[in-house]
Amino acid sequence: MVPLSYYLVLSGILFACGVTGFLIKRNIITIFMSIELMLNGVNLSFVAFAAHWHALAGQVFVFFVMVVAAAESAVGLAIIIAVFRARETLNADQLNLLKL
Amino acid sequence: MSFVAPITDLSQLKNHPAVARLLAWNPAAVQGTKFDRDEMTIHVERGSIREACALLKDDPACPFNFLSDVTCVDWYPSEPRFEVVYHVLSIAKKERVRLKVRLHSSSPAVDSVTAVWPGANYFEREVFDLFGIRFTGHPYLRRILMPEDWEGHPLRKDYPVEGYR
Amino acid sequence: MPIWLFIVVSVIKSIILLFILLTAVAYSVWLERKVVGHMQNRWGPTRVGPFGLLQPAADGLKFLFKEDLTPPHVYKPLYIAAPMIAVVFALTSISVIPFGNSVTIGGYSIPFQVTDVNTGLLLILGVTSIGVYGVALAGWSSNNKYSLLGGLRASAQMVSYEISLGLSLVGVLIMAGSFSLRQIVDAQAGHFWGFIPRWNIFHGQIIGFFCYLIAAYAETNRVPFDLPEAETELVAGYHTEYSAMKFAMFFMAEYANMITVACLATLLFLGGWRGPVFGPPILQAILPVFWFFVKVFCFMFVYIWVRGTLPRFRYDQLMAFGWKFLLPLAILNLIGTAVAVAW
Amino acid sequence: MAHMTASPVLEPGQDRTMILNMGPQHPSTHGVLRVLLEIDGETVVRIMPDIGYLHTGIEKTCEAKFYQQVVPLTDRIDYLCPLTNNLCYVLAVEKLLGLEIPPKAQWLRVLLNELTRINSHLVWLGTHAMDIGAMTVFLYCFREREEVLRMFEMVSGQRMMTSYFRVGGIALEPPLGFFDRVRDFAGYFPEKVDEYENLLTGNPIWTMRTKGVARMTAQDAIALGTSGPTLRGSGVDFDFRRDMPYSSYDKFQFKVPISQEGDVFARYMCRVQELRESIGIVRQALDGMPEGPIKANAPHVVLPDREKMKTQMESLIYHFKIITEGFAVPAGEVYQAVESPRGEMGYYIVSDGTAKPYRVHMRAACLANLQTLPTMCEGRLIADVVAAIGSIDIVLGEIDR
Amino acid sequence: MLHLTLFLAFAVVAVAGAVNLLAQRHPINSALSLIAVMAALAGEYLLLGAEFVAAIQVIVYAGAIMVLFVFVIMLLNAGVEERTNGSRVAIVFGIPGMLIGGVLVAWAVLRSSGGEQVAIGALPGPPAEIANLLFHEFLLPFEITSILILIAIMGAVVLASKPQAVQKRKEH
């Protein structure tokens with residue numbers, strides 16, 4: 001038997017790591033991966049709550065989060081490719097102009 | 001074995017389509033002709049080979065539109081030392097003519113015919129590689145068979161068979 | 001069944017299964033060389049043992065004792081990890097595949113399966129989808145342009161065809177109403193008009209089977225979809241820089257994947273271990289397993305047959321085929337099945 | 001044209017292109033061809049063939065040999081059609097000498113030449129199909145090729161480096177049973193061609209991979225100096241055997257297959273149909289084989305028969321003279337072209353009147369055909385480069401000489 | 001007890017993966033650690049009885065989304081991340097800040113909800129029930145996500161395809 005709070009703490013740690021990565025990483029792809037990490041952390045809490053409250057809706061939300069993550073990564077990676085074509089760099093510090 | 005002696009008299013050969021065409025254009029460009037063993041040879045003046053080729057290629061009566069081959073013969077030690085040989089074929093009329101350009105060893109250079117036939121590219125590079133003839137106007141005149149840093153031109157008659165030591 | 005007994009039985013089953021699987025991998029290589037050899041007017045292996053039967057052993061020994069070269073410019077951690085990833089995930093997926101009914105030993109009913117998972121099919125799909133990393137990382141970490149192209153081709157191809165593969169299975173899932181492989185096989189029991197077995201392939205899933213067949217060939221990088229390792233274009237694709245045991249791991253992974261795919265086809269479309277069962281109890285226990293292996297063998301034979309017959313696709317044609325032909329076909333099959341079941 | 005401006009050391013351009021060095025050790029560059037590809041993903045942006053890895057200086061070597069000693073060298077140029085090279089060389093020397101060749105020798109030369117063409121086309125078909133991934137065709141083709149090679153071995157004692165033709169005729173009478181064997185082969189070979197075609201011609205993947213791929217127009221083909229099936233695949237109806245006949249090819253009935261599309265499939269169809277035409281010529285040569293000598297009546301050029309040499313003083317002297325000091329060839333120059341399996345195989349020989357050729361130049365069909373690669377492949381995919389290289393049927397021995 | 005052990009094992013893997021994601025400078029290593037995190041989370045889902053979600057986690061996240069990431073990293077041949085002054089500042093202030101914040105949150109969570117337990121296999125989530133929920137109660141959101149996906153696909157295709165100018169230049 002594991003207390004619900006353990007899951008929530010794990011979820012919080014993963015989310016915090018995601019935020020940290022988002023802030024400190026310079027590679028745009030890694031930044032993107034940090035976002036995925038945050039989403040994963042949130043998913044864990046969803047599933048844990050679903051188990052805790054005996055409500056399957058939590059799992060359905062995870063499903064939706066995944067769908068959104070898939071859509072987001074498709075578009076995001078396409079943007080990264082487009083930006084990389086124009087600028088020849090993946091460093092977020094150098095991608096500070098909106099103009100291509 | 002029966003031989004027909006080569007015909008070298010220009011007046012006898014001026015009815016050949018290629019000769020006629022070149023004579024009509026510029027009689028000075030034709031330095032000599034020879035008809036030997038059923039093969040027609042025209043010596044073309046060095047400066048006019050590209051125009052001569054272009055002219056023969058577009059000949060309406062007998063278009064010599066196919067460049068079979070470009071090669072060279074080294075007549076060392078006599079001068080003019082090099083003979084660049086072009087074999088041109090008419091696909092429509094099934095005629096072949098050989099054009100020759102004589103080059104002095106002091107300046108072994110001749111106009112490239114790649115502008116007329118892009119297919120001359122590799123052949124001219126090969127002649128450059130093995131004989132050291134320069135083709136002015138060639139888009140990419142580099143060694144083709146020998147290594148880039150090879151010394152000398154192997155098919156020249158004064159090239160030592162074992163290479164320069 | 002007490003937990004310790006469960007663990008012991010599971011370990012024993014795993015070991016037996018691993019042994020069978022590795023032997024099957026070795027002998028499917030032998031089979032391929034032999035069959036393709038005969039198709040191509042030659043003999044295949046003949047020298048080592050009768051009919052070259054010991055050839056796999058000789059090959060294995062050779063792989064084992066070859067010098068394991070690591071080219072100087074590779075990215076070492078991934079270069080070493082990639083074949084392991086490939087082979088581990090190829091071998092894992094076999095664990096949920098049932099080979100037959102259960103036998104009763106000492107009062108306990110022991111199924112011919114390492115573990116019966118409710119979502120067995122999903123697990124296999126998940127594990128095979130992770131198998132892509134082995135190929136992709138091998139291509140990338142080798143620091144070789146041919147390998148990189150092979151890796152890129154492999155990941156694009158496998159991700160694309162996975163969709164068709166998954167969708168072609170949904171028809172079967174709708175008909176069985178379960179992800180459990182055992183239940184899917186149980187749903188295929190019985191006969192039409194007394195003699196045609198009620199396998200899914202005869203039960204409206206012929207298009208699904210066709211889609212699965214093609215997508216499976218693409219997933220396992222086999223002719224005519226062997227672009228990631230197209231030797232006439234990319235030398236050897238993603239495993240150009242690999243040698244000795246690391247190369248052998250890719251080789252094993254490829255054949256293990258083929259076997260998994262064949263097992264899955266047997267379970268989902270060809271009625272699994274169903275077949276005529278007769279005789280004494282011991283025979284009744286063994287025969288289903290026998291039928292299962294016969295069907296797997298037939299599927300493998302078709303694999304090899306195709307290899308002896310077809311040329312290779314081009315990259316853009318492969319992608320167009322997957323997205324513009326196979327995927328719509330699989331979706332149509334799915335819709336058709338859904339409508340038929342609902343009606 | 002694009003291939004004119006290719007630079008030797010390809011540098012990656014903009015848009016993240018990559019330089020791929022295909023060869024000289026690569027499974028599908030048919031020998032030691034090196035192709036530099038600038039690729040963007042899988043698309044080929046620029047392509048540049050690099051040759052010379054097999055350069056052996058045969059042209060230079062020829063200048064140090066007697067005329068009859070050059071024949072074995074010609075085998076080594078294009079090792080897939082040695083007899084065609086033999087033929088082209090001996091025809092050129094015979095033209096220089098003004099020799100008349102007896103009909104039986106001419107017909108035998110035609111017969112063996114067509115077998116050579118079958119041999120070469122079989123290797124081409126096998127390797128080309130393997131490049132595109134159809135491995136079985138390769139082994140089927142080699143099964144028949146093996147039979148052809150055995151026939152070569154039967155007449156000349158060698159499978160590949162035959163050196164069977166001599167200036168003034170043919171080295172030896174073909175052995176007993178040779179003609180039966182060829183007839184047998186000619187009987188079953190068309191079925192085998194059907195077998196290859198069953199595997200390829202109608203195969204959807206094969207047509208997808210070849211139709212519309214690596215196109216070349218007739219103008220480009222002529223301008224680039226291509227010849228043989230590569231030229232005829234683009235719709236130019238020209239074949240030296242029919243249009244500028246040599247070695248009594250004008251006495252044979254055959255069609256010259258052409259295709260209009262100019263793609264890989266067109267060249268494939270041309271060659272496959274040539275296989276059928278060639279076996280037809282072989283059959284005609286068998287049926288109409290004239291009787292008579294196989295060597296010209298020119299004792300100072302043609303080696304005497306072994307029998308005569310042992311019994312007649314005169315023959316012995318001729319033999320001794322030819323072997324030790326060769327035979328003088330009248331001064332002059334000739335260019336003799338034949339239709340090799342790859343296209344126009346031409347020998348340009350300059351004689352200065354001595355027993356050694358002053359200059360021998362081989363016009364290699366492949367050298368010109370190879371130049372078409374940039375025209376065919378730029379803007380296409382890597383897999384198409386492989387198909388295109390296969391479809392122009394290059395032999396590096398001939399290109400590099 | 002077994003449950004807790006398994007939970008801790010997966011948790012350690014997940015946290016280690018997440019930290020490694022931050023520590024690694026090469027994006028491909030980061031991607032691989034993220035895959036490890038996802039696999040560990042799939043394990044956690046299995047512990048919570050969510051078999052379907054676990055499978056989907058592996059298939060969609062690890063098998064598709066991360067393959068896409070790895071593919072892009074390979075395609076762009078992304079190299080090692082450059083260090084900049086900005087990132088150093090972020091490390092000096094950001095990481096301690098995050099750690100402190102994380103500990104505070106954890107403390108709060110643990111304090112407020114210490115006693116409630118989640119049993120192993122507490123909620124069997126058979127696919128059929130999830131499907132029922134998805135296609136009845138959540139039908140509208142489901143359809144909206146499908147439209148979202150469609151738009152995303154079209155956007156990705158438009159964005160990743162080459163600009164016209166580049167293609168024009170290629171043709172010459």
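Labels below follow one simple rule: chain letters A, B, ... track the order of the sequence lines, proteins then strands, and each chain is numbered from 1.
- For the atom pair CG (A:N43) and CE (E:M38), the distance works out to 9.0 Å, reported to the nearest 0.5 Å.
- Residue A:F64 places its CZ atom among more than 12 non-hydrogen atoms of other residues, nucleotides or ligands, all under 6.0 Å distant.
- Among A:V19, A:V60, A:I81, A:I80, the residue making the largest number of heavy-atom pairs under 4.5 Å with chain E is A:V60.
- Within the 4.5 angstrom heavy-atom criterion, only side-chain atoms of E:M66, from C-beta onward, approach chain A.
- Counting heavy-atom pairs closer than 4.5 Å to chain E, the top residue among A:V67, A:V75, A:L77, A:L39 is A:L77.
- Heavy atoms only, all atoms of each residue included: A:L14 and E:A14 are closest at CD2-O, 3.8 Å.
- Per-residue counts of heavy-atom pairs under 4.5 Å with chain A were compared for E:G155, E:S146, E:P141; the largest is that of E:P141.
- Taking chain A as the reference chain and counting heavy-atom pairs below 4.5 Å, the highest number among E:V60, E:T145, E:I151, E:I153 is found for E:T145.
- Annotation: the span from E:R25 atom CZ to A:N27 atom CG amounts to 11.0 Å, rounded to 0.5 Å.
- Residue contact with chain A, scored on non-hydrogen atoms closer than 4.5 Å, involves the side chain of E:L41 exclusively.
- Minimum interatomic distance between E:S30 and A:M33 (heavy atoms only, all atoms of both residues): CB-CE, 3.7 Å.
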Exercise. Is there a side-chain contact (heavy atoms from CB on, under 4.5 Å) between A:F49 and E:L48 once you walk through the steps?
Worked result: CA-CA 10 Å; A:F49 277 129; E:L48 287 166; over 6 Å; no
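- When each of E:L21, E:V157, E:L150, E:L8 is checked for heavy-atom pairs under 4.5 Å with chain A, E:L21 comes out on top.
- With values rounded to the nearest 0.5 angstrom, A:Y7 atom OH is found 6.0 Å from E:F7 atom CZ.
- For the atom pair A:F61 CZ and E:L133 CG, the distance stands at 9.0 Å (nearest 0.5 Å).
- Proximity to chain A involves both the backbone and the side chain of E:I56, based on heavy atoms less than 4.5 angstrom apart.
- Nearest heavy-atom pair, A:A74 versus E:A156, reported as atom, atom and distance to 0.1 Å: O-CB, 3.7 Å.
- For A:L10, the part lying under 4.5 angstrom from a heavy atom of chain E is the side chain only.
- Here the CD atom belonging to E:Q57 is positioned 9.0 Å from the CG atom belonging to A:L44, to the nearest 0.5 angstrom.
- The most heavy-atom pairs under 4.5 Å with chain E, out of A:L37, A:V68, A:V62, come from A:L37.
- For chain A, the nearby parts of E:A31 are the backbone and the side chain; heavy atoms of each come within less than 4.5 Å.
- The contact between E:Y61 and chain A is made entirely by side chain atoms (from C-beta outward), counting heavy-atom distances below 4.5 Å.
- Ring geometry, E:F142 versus A:F63: the interplanar angle falls under 30°, so the pair is classed parallel (tilted spans 30 to 60°).
- Atom CD1 of E:I65 and atom OG of A:S73 lie 4.5 Å apart (nearest 0.5 Å).
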